[in-house]
Protein chains: 2
Amino acid sequence: MSKIMIADDEQKIRKLVCDFLKNVGYETLEAEDGDEAFALFQKHEDDIDLVILDIMMPGLNGWEVCKEIRALSDVPVIMLTARSEEFDELLGYESGADDYVTKPFSPTILVKKVEALLRRTKSAAYLGGEKDLTFNHEAHEVRLNGQEIELTLKEYNILKKLLENPGRVYSREQLLDSIWGYDYVGDIRTVDSHIARLRTKLGDWGNRRLKTVYGIGYKLEEE
Amino acid sequence: MSKIMIADDEQKIRKLVCDFLKNVGYETLEAEDGDEAFALFQKHEDDIDLVILDIMMPGLNGWEVCKEIRALSDVPVIMLTARSEEFDELLGYESGADDYVTKPFSPTILVKKVEALLRRTKSAAYLGGEKDLTFNHEAHEVRLNGQEIELTLKEYNILKKLLENPGRVYSREQLLDSIWGYDYVGDIRTVDSHIARLRTKLGDWGNRRLKTVYGIGYKLEEE
DNA sequence: CTTGAATATGAGTAAAATCATGATCGCGGA
DNA sequence: TCCGCGATCATGATTTTACTCATATTCAAG
């Protein structure tokens, strides 16, 4: 099960959050200030699946810890912000946080955010990680089990689009709109052609994951 | 696709937000003050999937609109707050808002929040009690006790419709009107066929909850 | 309270309509 | 010329509709 680190200087809050997270099956790790949080993260980096950071903490504050962590890892981060603080939410996103929760917060909502974030990042593993399909946007290259697959522009864009939201269904119109452009006029079934070619090129993986949703469109199925 | 209502008295802001939302495939509805917002919501209640409310508006202010909407519906609500305002976030949560964004905001962030919120609410368990049946509109997926049930379009739409108002009876005509379209011509008892297949596919749950109201139509029984 | 006519619904089947696929072809730009 | 792209078409698959007949329900008359 996933391990979550929570950093907050208030012991009560830490306990509250930990209790709820443990309740739904997560392991937790606690830090009571920014310095400890970062130290702990460095030590357990490979084990930690998600980080929750309070902003106002002794030592490094939450934003700073977040930036430091970001320098090392893409682990998902949720920030806790006290309502009275003059906080600049934007800064949070700039520092690389994935989500934030304002105090006072309902633990249930926090748990839901944690779950949503884990779900999202775990299914995005293909994009960064060591799974079977990797995207290298810079090089415009796709690799399946390390082997490069030569995709044409349209194929590449369609695959990329579907990969942006694994599980979500895209209608042919949506794909045409976002890849071809709003002003595209032409046969809607063109999408089918490209999907077919993608499936061929991606072989087994393509057949397994590129799903047709009858009467709706296509989606990339999560596994 | 989801429809989103945005209420703000500044035309520029409305346009900005609408453009971004449309860009990622949402439909939008605009209101320029609190009164119009509430009126519009009442009228299109069933179609609106999410509401974005500015706080400072002529007529009813954002908090008030939110409360009024909450009296009718659980639709997700995002509040827009000017950062300079002395605002009490708690009031926002008390009035039932699900999230808020402070101005000036980046449209991208707003879009992300919208998506996060829709994801959260749309895949949430439908009926308060047991968590056995879940709808994921994005993925066009229905799960019963976690296991996916493959439904055809019509089946899916009928189930969704009935689920919108558990306990309420829908006549065959109403279902035909809202799912097939008012101009449908054909056998009214087609509905029966689909209900029958739904019951089969949903097994025990279907037989228990999909009730026939003799002489009237069908309903989804609450438990 | 029972019966039976009238009506409504369920189950099953088969036909019809719709949709997706994969193969193929021609166009046009690199 | 080659290659990416869009279009078309035959084919098969899936979904939707229509229809039949058995069963269930209602309601009023006996």
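Chain naming here is simple, since letters A, B, ... match the order of the sequence lines and numbering starts at 1 in each.
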J.: Counting only heavy atoms not in B:Gln147 (residues, nucleotides, ligands), do more than 12 fall under 6.0 Å from its CD?
T.: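 No, CD of B:Gln147 has 12 or fewer neighbouring heavy atoms, counting only those of other groups under 6.0 Å.
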J.: Return the set of residues passing ring pair (Phe, Tyr, Trp, His ring centres under 6.0 Å) with B:Tyr156 (not counting sequence neighbours), or none when no residue passes.
T.: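 If we apply the ring pair (Phe, Tyr, Trp, His ring centres under 6.0 Å) test to B:Tyr156, skipping adjacent residues, the hits are B:Phe135, B:His140.
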J.: Quick one, B:Glu164 with B:Lys161, criterion salt bridge (charged side-chain N to carboxylate O under 4.0 Å, His left out). Give me CA distance, side-chain angles, the key distance, then yes/no.
T.: CA-CA 5 Å; B:Glu164 273 169 19; B:Lys161 189 79 194 170; 3.6 Å; yes
J.: Main chain of B:Thr212, side chain of B:Lys219: is a donor-acceptor contact present, judged purely on distance under 3.5 Å?
T.: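 Answer holds: no.
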J.: With heavy atoms of chain B within less than 4.0 Å as the criterion, where does contact along DNA chain D begin and end?
T.: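 Taking any atom under 4.0 Å from a heavy atom of chain B, the span is D:dT15 to D:dT26.
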J.: Please give the stem ranges for DNA chain D, sorted by first residue number, where a stem is three or more consecutive Watson-Crick or G-U pairs and both donor-acceptor distances are under 3.5 Å.
T.: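 As far as DNA chain D goes, consecutive pairing (with distances under 3.5 Å) yields the stems C:1-30 with D:1-30.
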J.: Do NZ/NE/NH1/NH2 and the carboxylate oxygens of B:Glu221 and B:Arg209 come within less than 4.0 Å?
T.: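 Answer for the salt bridge query: no.
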J.: Quick check: closest heavy atoms across B:Arg199 and B:Leu210, and the distance to 0.1 Å?
T.: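 Closest pair (atom of B:Arg199, atom of B:Leu210, distance): NH1-O, 2.5 Å.
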J.: Using modelled atom types only, decide if a donor and an acceptor are shared between the side chain of B:Thr190 and the backbone of B:Gly186 within a distance under 3.5 Å.
T.: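 No.
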J.: Taking all non-hydrogen atoms of both residues into account, name the closest pair between B:Pro58 and B:Glu32 and its distance.
T.: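 The answer is CD-O, 4.4 Å.
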J.: Is B:Glu45 salt-bridged to B:Lys43, going by a charged N under 4.0 Å from an acidic O?
T.: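 Salt bridge flag = no for B:Lys43 with B:Glu45.
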J.: Considering every strand and a 4.0 Å limit on heavy-atom distances, what is the contact class for B:Tyr218: base, sugar-phosphate, or nothing?
T.: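 It contacts sugar-phosphate atoms only.
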J.: For C:dT18, does the base pair up with any side-chain atom of A:Tyr214 as donor and acceptor (N or O, under 3.5 Å, distance only)?
T.: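 Present.
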J.: Please list, by residue number, the residues of residues 180-191 of chain B whose heavy atoms come closer than 4.0 Å to an atom of DNA chain D; answer none if no residue qualifies.
T.: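 Heavy-atom cutoff 4.0 Å gives B:Trp180, B:Tyr184, B:Gly186, B:Asp187, B:Thr190.
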J.: If only atom types and distance count, is the side chain of A:Lys3 paired as donor or acceptor with the main-chain N or O of A:Tyr26 below 3.5 Å?
T.: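 No; zero donor-acceptor contacts below 3.5 Å.
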J.: How is A:Ile195 classified with respect to the nucleic acid when contacts are heavy atoms under 4.0 Å: base, sugar-phosphate, or nothing?
T.: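 Since no nucleic acid heavy atom lies under 4.0 Å of A:Ile195, the category is nothing.
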J.: State, to 0.1 Å, how close B:Asp192 and B:Ile188 come at their nearest heavy-atom pair, and which atoms those are.
T.: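 Smallest interatomic distance, heavy atoms only, reads OD1-O, 4.4 Å.
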J.: For A:Arg172 and C:dT18, what is the distance between atoms CZ and C1' respectively, to the nearest whole Å?
T.: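 The distance from CZ of A:Arg172 to C1' of C:dT18 comes to 12 Å, rounded to the nearest Å.
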J.: Less than 4.0 angstrom from a charged side-chain N to a carboxylate O is my criterion; do B:Arg70 and B:Glu68 meet it?
T.: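 Looking at B:Arg70 and B:Glu68, the cut-off is not met.
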J.: Who pairs with A:Asp204 by salt bridge (charged side-chain N to carboxylate O under 4.0 Å, His left out), at least two apart in sequence or on another chain?
T.: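 Salt bridge (charged side-chain N to carboxylate O under 4.0 Å, His left out) list for A:Asp204, sorted by chain: A:Arg208.
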J.: Take nucleotides 22-30 of chain C nucleotide by nucleotide from the 5' end and write B, S or -, depending on whether a protein heavy atom sits under 4.0 Å from the base, only from the sugar-phosphate, or from neither.
T.: S--------
